[in-house]
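Got a structure here, written out as structure tokens. Questions coming.
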There are 2 protein chains.
Amino acid sequence: MADINGKVEEFDGKMLEMGSDDKGVILGLDGGATSTICVCMPLIPSSDPLPDPLPILARAAAGCSNHNSVGEAAARETLEQVITEALAKSGYSRSAVRAVCLAVSGVNHPSDQKRIVDWLRDFFPKDVQLNVQNDAVAALASGTLGKLHGCVLIAGTGTIAYGFTEDGREARAAGAGPTLGDWGSGYGIAAQALTAVIKAYDGRGPETNLTGSILQNLGLSSPDELIGWTYADPSWARIAALVPVVVSCAEAGDVVANKILYDSVEELALSVKAVIQRLGLSGKDGKDSFPLVMVGGVLLEVNKTWDIGNEVIKCISKDYPGALPIRPKVSSTALLRHYMLD
Amino acid sequence: MADINGKVEEFDGKMLEMGSDDKGVILGLDGGATSTICVCMPLIPSSDPLPDPLPILARAAAGCSNHNSVGEAAARETLEQVITEALAKSGYSRSAVRAVCLAVSGVNHPSDQKRIVDWLRDFFPKDVQLNVQNDAVAALASGTLGKLHGCVLIAGTGTIAYGFTEDGREARAAGAGPTLGDWGSGYGIAAQALTAVIKAYDGRGPETNLTGSILQNLGLSSPDELIGWTYADPSWARIAALVPVVVSCAEAGDVVANKILYDSVEELALSVKAVIQRLGLSGKDGKDSFPLVMVGGVLLEVNKTWDIGNEVIKCISKDYPGALPIRPKVSSTALLRHYMLD
């Protein structure tokens, strides 16, 4: 399967032929907190077998398209820019587009979907099919080869758990942002570590090696400089970038860092369990199997002693032994496959 | 004593006479997260007895001057604006100013003091004495009639504990902002309440009456609308304004709301205890008496069942029976008195 985030597969003569007939193209977008990717593919009739790798005609990348993070005007501009660039690279015009599938972080409410559809309605004619989802949907599809069934946990800068039943019901948990308690996220882990440093400095909490490690990482000389550092730039990703420092301290035996990571594991597992429970994914006896896709920087297998993703899986499996963990190496191009199959 | 935040005392003939000799005037500024007040007073020789009420020549008010909240340019503009207005009202020119005492929230590091002094250096000649402090210093003085001794706890939108020994040593705890764990603040209490609503909605936490009360207060119909509401305006004060809803729910017996308030009491008490401990305010036997000034919306006596300030005092008094709680009705004009006495 082609990797939406990786190197673009060069299309060969056959694919070019497929793309250059008058069936048109479809666009797939994956928008997260740091970047937005758009791929352009030929429309393949659902009766035809899908080629592997998928025939990616063009791929374009742009910045953040989460309106909660960068505002509506910037998010809209990013989407239009990345679509325009992908089409230009593919050699197709807007009139060739038959459908657009968008998986964007920050889609939390029907009004968020409506707003994005309204933006794209100015861009594409009425008969172009527009499908807007939270990016967790694409992340699930990336682990299940396009099938929307099971549960996905994303834990990067932010975190969200999202699930689908085979009959199309869906549920989510967390994904509410820093103010509303996403404590298992990369931002949450790092913010708790920074708080622990300040508390130790104040005499409100135990001493921790996080102090020396974080100050060194940020090039600061005293914990009281952290206040100015935090305020200087409110970007969540900048805070979340400290997660590897927390993991290193925990691996070296720091008690405070270990507590933060174990608390984070519990928070993440709790989000997933809430989704499993509400959808009944584990069946009546609690033992039915279902895919559990794990995505995002916090859950990466990095061959370290402290594997957060693995701890989350252990925590979930105790209650739901049928959870089949998938830590995908491919990406959300699979979402396109899902919509093409439908 | 004159109230810096209240109605200006009209100066009578005698005060006018005092102010109109050529000894000049001093300015006192109190800048918090919501407003900045500047008062202008005649310079009174330290050998003279202080008149009561203090001879306020003029008072001006402006918006937030915390650079962490509104940025440096806006904070500087606010300070210049409120100083200009107070001087214009007093009938004095800048050249009459002998000293400026600023107590501004967001002063966390010597570099913050230096920045504000640099701003004012462009505004006043070199011989004008400039004194920049965290606004907690003014709050302490407001409870101790100008004497900088003891500990002050501010808990409004934000929170900070600040203390001074009689020989001039000082220490602080918390006051680090939302990312760095000021969980006892108004923002902290309200953010935890919002998180509890989201967790209950997700199935990650117990049901709570906070859900109905907060949604009604905000005019929303479903908890998932809270995500958009939170992102729509990042102002801390807007979140903190929900504290009375949390207190009402706790008074009505809601378990989740009660836990949030008790946790907040512990956090606030811990900040104060850290300051007392580091400064040795309670003496060698732990029983020395010292003023404990309590300021800010979260700590107001509102004749309700759930008095957060009173619970904090009880929690501190267990360990430090010599703490003498003061919940001042006057304000930080007292800081001026302190600097005039020195």
Original post:
Take atom CD in B:Glu77; do more than 12 heavy atoms of anything else shown fall under 6.0 Å from it?
Top reply: no
Subject >> Closest non-hydrogen atom pair between A:Ala274 and B:Gly203, with its separation >> reply: CB-O, 3.8 Å
Original post:
Taking all atoms of both residues into account, what is the closest heavy-atom pair of A:Gly181 and B:Arg204, and its distance?
Top reply: O-NH1, 4.4 Å
Original post:
Contact part of B:Thr179 toward chain A, heavy-atom cut-off under 4.5 Å: side chain, backbone, both or neither?
Top reply: both
**OP:** For chain B, find which of A:Asp202, A:Asn108, A:Asp112 contributes the most heavy-atom pairs closer than 4.5 angstrom.
**Re:** A:Asp202
Original post:
Looking at A:Ala171, A:Gly106, A:Ala173, which makes the most heavy-atom pairs under 4.5 Å with chain B?
Top reply: A:Ala173
**OP:** Would you please go through residues 186-196 of chain B and name the residues with a non-hydrogen atom below 4.5 Å from one of chain A, in numerical order?
**Re:** B:Tyr187, B:Ala191, B:Leu194, B:Thr195
**OP:** Could you check which of B:Gly71, B:Ala174, B:Pro178, B:Ala232 has the highest count of heavy-atom pairs closer than 4.5 Å to chain A?
**Re:** B:Ala174
**OP:** Measure distances from B:Arg278 to the heavy atoms of chain A and classify the residue's part below 4.5 Å as side chain, backbone, both or neither.
**Re:** side chain
**OP:** Flag yes if more than 12 heavy atoms outside A:Gln277 fall under 6.0 Å of its CD atom; otherwise flag no.
**Re:** no
Distance-only criterion, 3.5 Å: show the donor-acceptor pairs between side-chain atoms of residues 209-221 of chain B and protein atoms not counting sequence neighbours.
residue	atom	partner	partner atom	Å
B:Thr211	OG1	B:Thr208	O	3.4
B:Ser213	OG	B:Asn209	O	3.2
B:Ser221	OG	B:Glu225	OE2	2.9

**OP:** Against chain A, label B:Ser222 side chain, backbone, both or neither, depending on which of its atoms sit under 4.5 Å from a heavy atom there.
**Re:** neither
Original post:
How far does CH2 of B:Trp229 sit from NE2 of A:His109, to the nearest 0.5 angstrom?
Top reply: 15.5 Å
Subject >> chain A contact via B:Lys199 - side chain, backbone, both or neither, heavy atoms under 4.5 Å >> reply: side chain
Original post:
Where on A:Ser111 is there a heavy atom nearer than 4.5 Å to chain B: the side chain, the backbone, both, or neither?
Top reply: neither
Subject >> Sequence-distant partners of B:Ala176, side chain to side chain contact (heavy atoms under 4.5 Å, CB included), two or more places apart >> reply: A:Ile198, A:Ile227, B:Leu180, B:Asp182
Subject >> Members of residues 258-269 of chain B whose heavy atoms come closer than 4.5 Å to chain A >> reply: B:Glu267
